[in-house]
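Because only heavy atoms are used, hydrogens play no part in the values below, and waters and symmetry mates are left out as well, while side chains stay in. Index from 1, following the sequence.
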Amino acid sequence: WRSSTQTSVSGNMVSGGSVALTANNSGPETVEDAVLTITAAGGTITSVTVVLTAAGVSFAWTGTLASGSSLVIDCGAKTVRRDGVDAYGGFALNAAHTARTWLPLAPGLNPVIVLSNGPGTAVLTFYPQYL
């Protein structure tokens, strides 16, 4: 089962920079269905890369995310949507991606790095899970 309370961690991205989202999975089981939402603010984003080195995660999305638009990467459903419309065509697992799933969050602290070529916010949400 999973917690009834959703965990959320967020950060601001600057153009050409990265933001570290430290996801604290308080449950004893690995979370496989986290949702990452990228929202462009004050400019356009055309490239996003997500890395969680300890878990073998490295994936990217390319496309056009205009200011005020959101990209939702649902790692459980394996969907990528820009403003509710399918944007999976811009998604790719990088050569360094060795994880079985898109973004597994192990119990404890998970330092997820989000790199972007435009300004905006990144929000990672998930429910801790239990046996």
Side-chain angles (χ1 to χ4, degrees):
W1 61 277
R2 66 183 196 173
S3 173
S4 60
T5 305
Q6 187 177 53
T7 298
S8 179
V9 59
S10 63
N12 293 320
M13 301 179 304
V14 297
S15 184
S18 65
V19 63
L21 304 176
T22 303
N24 184 5
N25 178 6
S26 61
E29 299 298 320
T30 299
V31 171
E32 306 281 355
D33 58 356
V35 176
L36 178 64
T37 302
I38 306 294
T39 303
T44 300
I45 296 174
T46 59
S47 175
V48 174
T49 301
V50 177
V51 177
L52 175 51
T53 304
V57 171
S58 179
F59 62 80
W61 178 83
T62 56
T64 302
L65 192 61
S67 186
S69 293
S70 293
L71 179 72
V72 178
I73 301 171
D74 186 326
C75 299
K78 294 193 173 36
T79 59
V80 181
R81 298 192 180 281
R82 178 182 50 220
D83 293 332
V85 177
D86 180 49
Y88 184 81
F91 180 84
L93 298 176
N94 295 325
H97 189 93
T98 58
R100 184 178 54 84
T101 58
W102 284 6
L103 185 58
L105 301 175
L109 300 177
N110 294 271
V112 178
I113 306 298
V114 181
L115 300 100
S116 170
N117 71 342
T121 60
V123 180
L124 181 63
T125 57
F126 60 94
Y127 291 90
Q129 298 177 5
Y130 305 85
L131 272 177

Sequence-distant partners of Glu32, salt bridge (Lys or Arg N to Asp or Glu O under 4.0 Å), two or more places apart: Arg100
Rounded distance [0.5 Å steps], CG in Asp33 versus NZ in Lys78: 9.5 Å
Close side-chain approach of Pro107 and Thr30, heavy atoms under 4.5 Å: yes
Residues Asn110, Phe126; criterion side-chain contact (heavy atoms from CB on, under 4.5 Å); working and verdict: CA-CA 12 Å; Asn110 294 271; Phe126 60 94; over 6 Å; no
Heavy-atom side-chain proximity of Cys75 to Leu36 below 4.5 angstrom: no
Exercise: do Ser70 and Thr39 side chains pair donor with acceptor under 3.5 Å: yes
Val57 to His97 - nearest heavy-atom pair and separation: CA-ND1, 3.5 Å
Listed partners of Thr46 passing side-chain hydrogen bond (donor to acceptor under 3.5 Å, both in side chains), at least two apart: Asn117
By ring-ring contact (aromatic ring centres under 6.0 Å, His included) - contacts of Tyr127 (at least two apart): none
Flag side-chain contact, heavy atom, 4.5 Å: Val114 against Leu21: yes
Whichever hydrophobic residues join Leu115 through chains of side-chain contacts under 4.5 Å: Val51, Ile113
Heavy-atom side-chain proximity of Asn12 to Val19 below 4.5 angstrom: no
Parallel, tilted or perpendicular: ring planes of Phe59 versus Phe91, cut at 30 and 60 degrees: tilted
Spacing of Thr62 atom OG1 and Ile45 atom CD1 [to the nearest 0.5 Å]: 13.0 Å
Any Asp86 side-chain heavy atom under 4.5 Å of Arg81 side chain: yes
N/O donor-acceptor pair under 3.5 Å between Trp61 side chain and Ala87 backbone: yes
Trp1: hydrophobic cluster co-members (side-chain, 4.5 Å): Tyr130
Shared hydrophobic cluster, Leu103 / Val9 (ILVMFWY, side-chain heavy atoms < 4.5 Å): yes
Leu105 side chain near Leu52 side chain, heavy-atom distance below 4.5 Å: yes
OG on Ser8 to CG on Leu124, rounded to 0.5 Å: 7.5 Å
Thr7: partners by side-chain hydrogen bond (donor to acceptor under 3.5 Å, both in side chains), with sequence neighbours left out: none
Inter-residue atom distance Leu71.CG - Thr64.OG1, 0.5 Å rounding: 11.5 Å
Heavy-atom closest contact (Gly42 atom, Ser67 atom, distance): N-OG, 3.0 Å
Side chains of Val48 and Leu65 in contact at under 4.5 Å (non-hydrogen atoms): no
